[in-house]
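All values reported here derive from a predicted model rather than from experimental measurement.
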Amino acid sequence: MHERLPERRYVITTPLGRWRAVVADAGLRELSLPRRVVRDGWHPGRGGGKGSVPELRDQEGALGRRVLKALAERLDGKRTNLPWSDFDLSGRPPFFTRAWKALYAIPFGEVRTYSQIAKSAGSPQAVRAAGGACGANPIVLFIPCHRVIASNGPGGFGAGLDWKRRLLALEGRDL
DNA sequence: ACTGAACTTAAAA
DNA sequence: TTTTAAGTTCAGT
């Protein structure tokens, strides 16, 4: 019981820093933001600590290639997206999963409120839980939790509002 | 088994 | 303007 399926951890170095990815045979399980943005004078591959996580490369298979390509294109301002079937969300809470699907349906460059997400996820009153789902979003960027704002303002963001603004800016959106 | 917190909201005080 | 009650999930205690 509680058998863990094989998961591989990688880093992806981009102009915006080192992203972390968790990949399983069933799909992408996690994609997380760099803790800090790369600045001039920062050298990928040193400093930063934990030296043991390998870089994700094209030869990691079709999924790896899609992830690398999609990430590079998105950071270049394009609308590229991964298919929902590339994600492995197994074992995640049902409401959160429905909420993430609702996020996934928000078009590039548009935003929705937490209450709209709650409604789309099938529990119009579960607004707080919608916020919880955003906070627990395992696949940043491609499941666009950054496109969810509060009814009265920008709302929050786990990695910091800085990142939320930055990701929205990539879509030509201001906060 | 409970409690509080988490990327909220709308309504009441 | 501040307080409060309302889903879902999880980490503590």
Compare all side-chain heavy atoms of [X] with those of [Y] and state whether any distance is below 4.5 angstrom.
X	Y	result
T97(A)	W100(A)	yes
P144(A)	R112(A)	no
L175(A)	I149(A)	yes
R29(A)	S90(A)	yes

Note every stem involving DNA chain B: at least three consecutive Watson-Crick or G-U wobble pairs, i with j then i+1 with j-1, with both distances under 3.5 Å. B:1-6 with C:8-13, B:8-13 with C:1-6
G158(A) near the nucleic acid: base, sugar-phosphate alone, or nothing, with a heavy-atom cut-off under 4.0 Å?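 The residue G158(A) makes base contact.
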Does a side-chain N or O from S151(A) land closer than 4.0 Å to OP1 or OP2 of dT9(B), or not? yes
[X] [atom1] - [N] [atom2] separation (whole Å):
X	N	atom1	atom2	value
Y114(A)	dA10(B)	OH	C1'	17 Å
I106(A)	dC7(B)	CD1	P	17 Å
K119(A)	dT9(B)	NZ	P	14 Å
Q125(A)	dA10(B)	CD	P	13 Å
L161(A)	dC7(B)	CG	P	11 Å
N152(A)	dA11(B)	CG	P	14 Å

Is a side-chain donor or acceptor of R173(A) paired with a backbone partner of G109(A) at a separation under 3.5 angstrom?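 Checked: pair present.
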Using modelled atom types only, decide if a donor and an acceptor are shared between the side chain of Q116(A) and the backbone of T113(A) within a distance under 3.5 Å.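 Yes; at least one donor-acceptor contact below 3.5 Å.
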Protein-to-nucleotide contact annotation, 5' to 3' order, nucleotides 8-13 of chain C [B base; S sugar-phosphate only; - none; under 4.0 Å, heavy atom]: SSS---
Of all heavy-atom pairs linking E171(A) and H146(A), the shortest is OE2-NE2, 2.8 Å
When the C1' atoms of dC7(B) and dT1(C) are considered, how many whole Å apart are they? 23 Å
Run the numbers on V11(A) and L56(A) for side-chain contact (heavy atoms from CB on, under 4.5 Å), then give the verdict. CA-CA 6 Å; V11(A) 296; L56(A) 181 63; over 6 Å; no
Ionic contact status for D58(A) with R65(A), cut-off 4.0 Å: no
